[in-house]
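Order of appearance sets the numbers: ligands from 1, and atoms from 1 within every ligand.
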Amino acid sequence: EILTTLSEVYKACSKENAVEILKNSSDAINNANSFMALFFFSEDGEGFLSTKGQETIDCTIDICSNDVREVIERSLQGEIVVSKIYDSQIFDERLCIYSVPVYEDGEIIGAIAASATLDFFEGIVNEETVMDGKGYIHLLLSNGDFLIRSKNTLIKEDVESIFDGPYLTEEEKAAAQQALDNQESFYGKFRYNDQECHFYMEPLELNGWYIFCANHLWEYVLYYRRIFLIIIGTFCLILAILLFLIYFGYLKFRRNSASLLRLVSQDPVTNAKNTYKFDEEFQEYRKKSNQYSIIALNVHNFKGINDLFGKANGNKVLCYIKDTIDYNLREGEFFCRDAADLFYILMHDIDHQVVSERISQIIYHINKASASYGEYSYELLLYAGVAIQGDREKALVAMQSIQHIHSKSIAFYNQSLHEEVRKKNSIESCMHQALQNKEFKLFLQPKFDLKTNQIIGAEALVRWQKTNGSYRYPNEFIPLFEENGFCVNLDLYMVERVCEQLRTWMDAGMKPIPISINQSKLLFLERNYPKNLKNILDHYQIPSNLITLEILEGIASDNISFLNQQIEILQENGFRVSMDDFGSGYSTLNMLYQLRIDELKLDRGFLKKASVDDEKRRNIILEEVICLAKKLGMVVVAEGIETQQDREKMLNLSCNYGQGYFFEKPMTATDFSKKYVHG
Ligand code: C2E
Ligand code: MG
Ligand code: MG
């Protein structure tokens, strides 16, 4: 490369100048490139020789040794030549000479040559490795002699040629020789130290030289075997993982599909059928016959069993119910368990009487066992809905119509029942939204002093005004709200509306009229109730003596002492407390004396038409009750005064106040304000 560069530079200069420059720089060129000598000869054989460490001399090509001369002459013919190795006459070194032609105007006008030691080649053969570092390269001459032998040799003995020594068989030698003659690559084997070895030679296309490499076959094999083993190992590992995953997946699938299969047909708690399986069999059955009844069976307050005895025992009860049903069914009848404690049964009977008796029998058996259940005794009260030739949904509707423990335990489906349940569901689905939409309106019905006919207060009554303007009356939804607990929200909402109304009157400089508000039993039993009430009143800045709280008499039967405690707190806070609908339920005189209330509201049932004799007896009771109440410090209000006679009668019985259609029907707060509230 360096010589070619010099030749190009030469070409760029004029001829005399170029030789001079080259000659003058030759020492520096030698030193910079570790050349042992630099030659230049023109085509006529004239030139110079610059030997390292000596004077540069002008000379002719004839003074060069044959090896050198041959190379230079070939370059004068246009070749780039690398000489064979020769022994230097001047230095004690084996050298090699490189030579390139020099051109001018496309004509060869001379050759530049340089000699160098073999360090460069040795560097290559000692460092350059093949086969992942396992094999070293040697250089061969065209006759098989080593030109350069790497320090790293397989054969430790000194050998001059690949044909030396006992290593190659005669056949291998002949084959190798033939490859050398033809300048072909060659792969051969030999034995060394009892190990099989192999060698490979590849022609360099330079002076007939070869690259040569020998190695233990087993190392070579080992190398590839290791790669092979790694590949196989990796493959096996992947295969094993795959197989494991497939097997694991299969196991999981089997387990899941087994439990899935069970799930689609079986209830995991009792091992009864589930509704899916029930419906499937039901559909099959219906294709064959319409002789059937569907029964929905449930336990009253099953949640209580779970709460009291724990879920595990609750599950045992369910299993017992399942066994009892199973025992009582006939050939071809079947049943399932839906969620919680709800069972569905298909019976072949369609006669009301027969079905009733059979269900009663089941309920009786379950009930009988419940007394001896574990170490506890707990009565299992069941109830059932029947849909003769109906379906599960209808049986459920019938069952849901039974709400109270003390009512009947079996109900049959009919259309009106359906209507009732549908209505109930529709109310429950929109009550929260209705409260937010302020659909619950405040109506007021005044109360009057029976003697003076003066207004002494009003009762707040709720009306549910639907978005289409129509009204729903409290009897349609209050019992449901009491059952589902929503009453608590509604009642406090009504307290707010009342306070709001009182504040409006007061802000307008009017004289506020005291208002009674109906409060549900649930609310009264809440410990925080007095505090919550007070907060509302404080918010609107309403004095609590303007508010009377009406509680239903039925409430009192539960927990008299707690109720009295609440009443006391409310009274301390300035509220008045009234007992509503006295005489409509299980009133006891005991209750009258135990509860420290401010007002007694006589149920309008006292004013119902009755025979003369009954009327007489009733009046005796009324008179005494009124008298007793007054002696206990209560005022008495008669509800349902519809006629002048009603009014006179209650007046004669010394009743203080009256409320009813005779005076006024409940009206909107606006109408009430116009008519009864003045400055
Ligand atoms: P209640 O507290 O005994 O209210 C009196 C009921 O009798 C009202 O029915 C009223 O409209 C009606 N009434 C008034 N005068 C007469 C009359 O001369 N003859 C007849 N036949 N009836 C009369 P309403 O408004 O339908 O309320 C029914 C019940 O609903 C109330 O009975 C009360 O227990 C409950 N209620 C009403 N509003 C609320 C409320 O905001 N919260 C709660 N928890 N219950 C309420
Ligand atoms: Mg009332
Ligand atoms: Mg009442």
Side-chain angles (χ1 to χ4, degrees), residues 427 431 434-435 438-448 450 455 457-465 470-501 514-526 529 533 536 547-556 576-585 587 597-609 635-650 655 657-669 671-672:
I427 288 178
M431 60 192 186
L435 193 68
K438 302 194 171 210
E439 288 176 28
F440 296 101
K441 305 286 187 213
L442 170 69
F443 272 56
L444 291 168
Q445 185 179 35
K447 291 193 285 188
F448 294 90
L450 289 174
I455 180 167
E459 178 174 7
L461 296 162
V462 66
R463 296 288 179 267
W464 184 348
Q465 188 171 26
S470 69
Y471 284 110
R472 265 198 187 138
Y473 288 85
N475 292 339
E476 290 178 64
F477 55 87
I478 292 288
L480 178 61
F481 288 178
E482 273 177 346
E483 197 182 296
N484 65 25
F486 187 66
C487 232
V488 170
N489 306 337
L490 178 65
D491 286 353
L492 289 179
Y493 176 85
M494 290 306 287
V495 171
E496 282 210 45
R497 297 289 75 77
V498 165
C499 289
E500 199 176 53
Q501 185 60 65
I515 299 181
S516 304
I517 314 171
N518 294 289
Q519 302 285 277
S520 72
K521 172 176 171 168
L522 284 177
L523 204 46
F524 246 88
L525 295 176
E526 267 185 19
Y529 171 57
L533 266 186
I536 298 175
I547 304 289
T548 300
L549 304 163
E550 290 190 7
I551 56 172
L552 287 175
E553 65 153 339
I555 197 178
R576 294 178 77 252
V577 180
S578 166
M579 182 180 286
D580 203 357
D581 297 351
F582 183 81
S584 67
S587 325
I597 49 176
D598 305 287
E599 180 187 274
L600 192 70
K601 281 187 99 172
L602 301 173
D603 190 72
R604 64 171 178 268
F606 281 117
L607 291 170
K608 266 190 195 147
K609 291 258 176 301
V635 294
V636 185
V637 183
E639 283 189 335
I641 307 278
E642 291 186 350
T643 60
Q644 176 65 17
Q645 289 98 303
D646 289 344
R647 188 188 88 94
E648 272 164 18
K649 177 178 155 184
M650 293 321 285
C655 184
Y657 307 126
Q659 176 184 348
Y661 296 167
F662 170 69
F663 301 106
E664 200 74 82
K665 285 199 167 179
M667 57 181 89
T668 62
D671 288 347
F672 182 90

Quiz item: Looking at Met494, which atoms of ligand 1 are within less than 4.0 Å of one of its heavy atoms?
Solution: 41 (O)

Exercise. For the pair Glu599 and Tyr657, evaluate side chain to side chain donor-acceptor pair (under 3.5 Å) and give the outcome as yes or no after the intermediate values.
Key: CA-CA 10 Å; Glu599 180 187 274; Tyr657 307 126; over 6 Å; no

Quiz item: What's the spacing between Glu664 CD and Phe672 CZ if we round to 0.5 Å?
Solution: 8.5 Å

Quiz item: Any nitrogen or oxygen of Gln519, main chain or side chain, under 3.5 Å from a nitrogen or oxygen of ligand 1?
Solution: no

Quiz item: After noting the C-alpha distance and the side-chain angles of Glu639 and Asp603, does the key distance pass the side chain to side chain contact (heavy atoms under 4.5 Å, CB included) rule?
Solution: CA-CA 6 Å; Glu639 283 189 335; Asp603 190 72; 4.3 Å; yes

Self-check item: Atom indices of ligand 1 within 4.0 angstrom of Ile641 heavy atoms, with elements
Solution: 18 (O)

Self-check item: Row check, Phe524 ring normal vs Lys521 NZ/CZ: under 6.0 Å, within 45°
Solution: no

Quiz item: Is there a donor-acceptor pair closer than 3.5 Å between any side-chain N or O of Glu476 and the backbone N or O of Tyr473?
Solution: yes

Self-check item: Atoms named by residue and atom, protein N, O or S, within reach of the Mg ion (ligand 2) (under 2.8 Å)
Solution: Glu459 OE2, Asn518 OD1, Glu550 OE1, Asp580 OD2

Quiz item: Would you say Ile478 and ligand 1 have an N/O pair spaced under 3.5 Å apart?
Solution: no

Self-check item: Numbering as shown, the atoms of ligand 1 that approach Asp581 to under 4.0 Å (heavy-atom distance)
Solution: 3 (O)

Quiz prompt | Lys601 heavy atom under 4.0 Å from ligand 1 | solution = no

Quiz item: Which ligand 1 atoms are under 4.0 Å away from a heavy-atom of Glu550?
Solution: 2 (O)

Quiz item: Is there a donor-acceptor contact under 3.5 Å from the side chain of Asp598 to the main chain of Val577?
Solution: yes

Quiz item: At what distance is the nearest protein heavy atom to atom 11 (O) of ligand 1, and which residue and atom is it?
Solution: Pro666 CG, 3.3 Å

Exercise. Please write down residue, atom name and distance for the protein heavy atom closest to atom 26 (O) of ligand 1.
Key: Pro474 CD, 3.5 Å

Quiz prompt | Student check: side-chain heavy atoms of Gln519 and Val495 closer than 4.5 Å | solution = yes

Quiz item: Looking at Gly640, which atoms of ligand 1 are within less than 4.0 Å of one of its heavy atoms?
Solution: 17 (C), 18 (O)

Exercise. Could you tell me whether ligand 1 has any atom less than 4.0 Å away from a heavy atom of Arg463?
Key: yes

Quiz prompt | Pairwise side-chain contact, Leu522 with Asp491, heavy-atom cut-off 4.5 Å (strictly under) | solution = no

Exercise. May I have the step-by-step check of side chain to side chain donor-acceptor pair (under 3.5 Å) for Ser516 and Lys447, ending in yes or no?
Key: CA-CA 10 Å; Ser516 304; Lys447 291 193 285 188; 2.9 Å; yes

Quiz item: Which atoms of ligand 1 are found less than 4.0 Å from any heavy atom of Asn475?
Solution: 28 (C), 29 (C)

Exercise. Any chance you could lay out the side chain to side chain contact (heavy atoms under 4.5 Å, CB included) test for Met650 and Asp646, step after step, and finish with the verdict?
Key: CA-CA 6 Å; Met650 293 321 285; Asp646 289 344; 5.6 Å; no

Quiz item: Glu639 heavy atoms, cut-off 4.0 Å: which ligand 1 atoms fall inside?
Solution: 3 (O)

Quiz item: Tell me: protein heavy atom nearest atom 38 (N) of ligand 1, and distance?
Solution: Val462 N, 3.2 Å

Quiz item: Can you check side chain to side chain contact (heavy atoms under 4.5 Å, CB included) on Met494 and Asn518, steps first, answer last?
Solution: CA-CA 9 Å; Met494 290 306 287; Asn518 294 289; over 6 Å; no

Quiz item: Is there at least one protein heavy-atom neighbour under 4.0 Å from atom 9 (O) of ligand 1?
Solution: no

Exercise. Give the intermediate values and the outcome of side chain to side chain contact (heavy atoms under 4.5 Å, CB included) for residues Asn484 and Met431.
Key: CA-CA 11 Å; Asn484 65 25; Met431 60 192 186; 3.6 Å; yes

Quiz prompt | pair Arg576-Val635: side-chain heavy atoms closer than 4.5 Å | solution = yes

Quiz item: Is the Lys NZ or Arg CZ of Arg647 less than 6.0 Å from the centre of Phe662's six-membered ring, within 45° of the axis?
Solution: no

Practice problem: Could you label the plane-to-plane angle of the Phe481 and Trp464 rings as parallel, tilted or perpendicular, counting under 30° as parallel and over 60° as perpendicular? | Solution: tilted

Quiz prompt | Nearest neighbour in protein (non-hydrogen) for atom 45 (N) of ligand 1 | solution = Asn518 CB, 3.5 Å

Quiz prompt | Sub-4.0 Å protein heavy atom next to atom 32 (O) of ligand 1 | solution = no

Quiz item: Of all the non-hydrogen atoms in the protein, which one sits nearest to atom 16 (C) of ligand 1, and at what distance?
Solution: Tyr661 CE2, 3.2 Å

Exercise. Please work out which of Glu482, Gln659, Gln445, Arg604 has its closest non-hydrogen atom nearest to atom 15 (N) of ligand 1.
Key: Gln445

Practice problem: List the closest protein heavy-atom neighbour of atom 19 (N) of ligand 1: residue, atom name, distance to the nearest 0.1 Å. | Solution: Glu642 OE2, 2.6 Å

Quiz prompt | Reported CG-to-CG distance for the pair Leu600 and Asp581, which is rounded to 0.5 angstrom | solution = 10.5 Å

Quiz item: For Asp491 and ligand 1, does the shortest N/O to N/O distance drop below 3.5 Å?
Solution: yes

